[in-house]
Protein chains: 2
Amino acid sequence: MDRRQRKSREAIFHAFTDILSEKDFSQITVGEVIARADVGRATFYAHFETKDFLLKAFCEELFCHIFDTAADTHEHRHIFSCDGSDSVFLHLFQHFQRNDNNILALLSSRNNELFLRYFRNNLNLLIESQLPNLQSRKKANLPDSYWKNHIASSFVETLKWWIANGMAESPETITAYFLQVI
Amino acid sequence: MDRRQRKSREAIFHAFTDILSEKDFSQITVGEVIARADVGRATFYAHFETKDFLLKAFCEELFCHIFDTAADTHEHRHIFSCDGSDSVFLHLFQHFQRNDNNILALLSSRNNELFLRYFRNNLNLLIESQLPNLQSRKKANLPDSYWKNHIASSFVETLKWWIANGMAESPETITAYFLQVI
DNA sequence: AATGATACTGAACAAATCGTTCGGTAACGA
DNA sequence: TCGTTACCGAACGATTTGTTCAGTATCATT
């Protein structure tokens, strides 16, 4: 990718991040973004079709590497050890605690649902691929899709709760909470 | 309330409902609403400060009576009978199955998260008031706020799953699923 | 160092939407 | 019957949107 392209794209993303932590996504205008990013209006539309596509591209860059590394490190292991000490979920919680890309500011803002929706799409795929490992822990005869849905939503809700409460607990404790409710 | 006011308000709400089932809330314009409602632009702004306030008022009317009746009928009983046959949650699921106010069309649309956010605010209050009844069912030493949050989110997610899957199960079955995971 | 391709600038543009204003009209409640 | 109130309809300036275009700067390649 051309260095000019990269720089413009980065500038737009950076400005977008800033503004997202300040106000609702719906209130943000393209004019505001390009002013803060200091790029021309035409440049913006050369990169992104609309404001919504900007969000989409932003989220993809934000989350893809989380799941890439999660999938890589856990692909060929037994993921769901019973005590949770080596679960993908612990891995994910730790990732958020490290606060890469300042992701916590975004997940703490009023726009958190925006990102968590994208996050959850990825999470569903992960759980789908790991369902056999989870199957053994299932106690009752719930439909598979209900069970999967419950795991994914419980994780996201646990994450939301953790962040909203200032992340006072350790990733290990949170993982324990989560494994307890599912 | 003046009959004229009521009629305008109703017309706006009705048009709003229609459009909400067709496109994203963010894409809806005031001009579109007043055209379908057949009211003047000034009339709209006499009733609602902005599009967001319209949504707020709409949701309040939509959900308040659900929880009013739920609270009334269950206030002085033992809510959480062990088999769930007389739980508030069953009551709520049944309410959705009856599809009052065509609420299912809204909860099936792409805007469902919008309504479920409001719904959940009310649900939290309900759970808060019923926490003592739930306390006994708590198996482990999780923080209270985490426990409450888990119940509320599990209910909403169960509801979403139910609707998304065409509501094939009976309210009793869904209640059983829900009580099983919490 | 020269060359052709590509990305950005900056300004301008029509179109859509916003939120407000106003005088005139009709429906309301008492 | 009468004073009040809500609606209409049209218009308004202000924003925002998405596009266009000619000129400039940067890029990779030879």
Side-chain angles (χ1 to χ4, degrees), chain A residues 1-62 106 109-111 113-115 117-118, chain B residues 1-61 106 109-111 113-114 117-118:
Chain A
M1 194 184 218
D2 198 310
R3 180 191 296 151
R4 291 168 295 178
Q5 278 189 339
R6 251 184 298 127
K7 285 186 72 174
S8 293
R9 195 180 162 92
E10 274 307 310
I12 291 172
F13 276 159
H14 190 267
F16 190 49
T17 306
D18 271 5
I19 304 174
L20 273 171
S21 61
E22 294 168 12
K23 52 162 67 175
D24 280 2
F25 173 73
S26 59
Q27 306 293 330
I28 297 175
T29 68
V30 174
E32 203 173 356
V33 175
I34 63 174
R36 183 125 24 150
D38 195 30
V39 298
R41 184 169 198 76
T43 305
F44 178 92
Y45 284 103
H47 282 265
F48 309 102
E49 199 173 336
T50 68
K51 201 180 69 173
D52 291 297
F53 281 93
L54 166 61
L55 175 66
K56 190 164 182 287
F58 181 70
C59 287
E60 279 166 7
E61 288 212 358
L62 192 61
L106 300 174
S109 73
R110 281 168 297 180
N111 298 297
E113 294 180 19
L114 237 48
F115 306 109
R117 182 161 55 225
Y118 279 96
Chain B
M1 196 183 216
D2 197 311
R3 180 191 296 151
R4 291 168 296 179
Q5 278 189 339
R6 248 183 300 126
K7 286 185 71 174
S8 292
R9 194 180 162 90
E10 273 309 309
I12 292 173
F13 276 158
H14 189 267
F16 189 48
T17 306
D18 273 6
I19 304 173
L20 273 172
S21 62
E22 294 167 11
K23 53 163 66 173
D24 280 0
F25 173 74
S26 60
Q27 304 292 328
I28 296 175
T29 69
V30 175
E32 201 172 0
V33 174
I34 64 174
R36 181 125 25 148
D38 195 28
V39 296
R41 184 171 197 76
T43 305
F44 178 91
Y45 284 104
H47 282 266
F48 309 102
E49 200 173 335
T50 67
K51 202 179 69 171
D52 291 296
F53 281 92
L54 167 60
L55 175 66
K56 190 163 182 285
F58 181 71
C59 287
E60 278 166 8
E61 289 211 0
L106 299 174
S109 73
R110 280 167 298 178
N111 297 297
E113 293 180 20
L114 235 47
R117 181 162 54 224
Y118 279 96

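Proteins come first, then strands; the chains are lettered A, B, ... in the order of their sequence lines, and each starts at number 1.
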*Using a cut-off of 4.0 Å on non-hydrogen atoms, how would the nucleic acid contact of T43(A) be classed: base, sugar-phosphate, or nothing?*
base

*Interatomic distance where CZ belongs to F44(A) and P belongs to dT16(D) [whole Å]*: 14 Å

*Toward the 5' end of DNA chain D, which comes first, E32(A) or V39(B), by nearest nucleotide?*
V39(B)

_Spacing of K51(B) atom NZ relative to dC18(C) atom P, expressed in whole Å_ = 7 Å

*How do R6(B) and H47(A) order along DNA chain C: which one's closest nucleotide is nearer the 5' end?*
H47(A)

*What is the distance from CD of E49(A) to P of dT19(D), rounded to the nearest Å?*
8 Å

*Rounded to the nearest angstrom, tell me the gap between atom CD in Q5(A) and atom C1' in dT6(C).*
8 Å

*Calculate the interatomic distance between I34(A) atom CD1 and dC8(C) atom P; express it in whole Å.*
13 Å

*Ignoring hydrogens and angles, answer whether the base of dG10(C) and the side-chain atoms of R41(A) contain a donor-acceptor pair closer than 3.5 Å.*
no

_Can you measure Q27(A) atom CD to dT17(C) atom P for me and round it to whole angstrom units?_
17 Å

*Is E61(A) paired with R9(A) through a side-chain N to carboxylate O contact shorter than 4.0 Å?*
yes

*Using only heavy-atom distances, decide whether a donor-acceptor pair under 3.5 angstrom links the side-chain of R4(B) to the base of dT5(D).*
yes

*asked:* Applying a 4.0 Å non-hydrogen cut-off, can you work out what R3(B) is touching in the nucleic acid: base, sugar-phosphate, or nothing?
replied: sugar-phosphate

*Could you state the atom-to-atom distance from CD1 of I19(B) to P of dT17(C) in whole Å?*
12 Å

*Given that Y45(A) and K7(B) both sit by DNA chain D, which one's nearest nucleotide is further toward the 5' end?*
K7(B)

_D2(B) side chain to R4(B) backbone, donor-acceptor under 3.5 Å_ = yes

*Where the side chain of T17(A) meets the backbone of F13(A), is there a donor-acceptor pair that is under 3.5 Å apart?*
yes

*asked:* At 4.0 Å (heavy atoms only), tell me whether A46(B) reaches a base, stays on the sugar-phosphate, or touches nothing.
replied: nothing

*Consider the side chain of T50(A), meaning its heavy atoms from C-beta on, and name the nucleotide among dG9(D), dT16(D), dG18(D) that approaches it most closely.*
dG18(D)

_Could you tell me how far apart D2(A) (CG) and dA7(C) (C1') are, to the nearest whole angstrom?_
6 Å

*Mind running salt bridge (Lys or Arg N to Asp or Glu O under 4.0 Å) on E22(B) and R110(B) for me, showing each step along the way?*
CA-CA 9 Å; E22(B) 294 167 11; R110(B) 280 167 298 178; over 6 Å; no

_Closer than 4.0 angstrom, basic N to acidic O: yes or no for K56(B) and E60(B)?_
yes

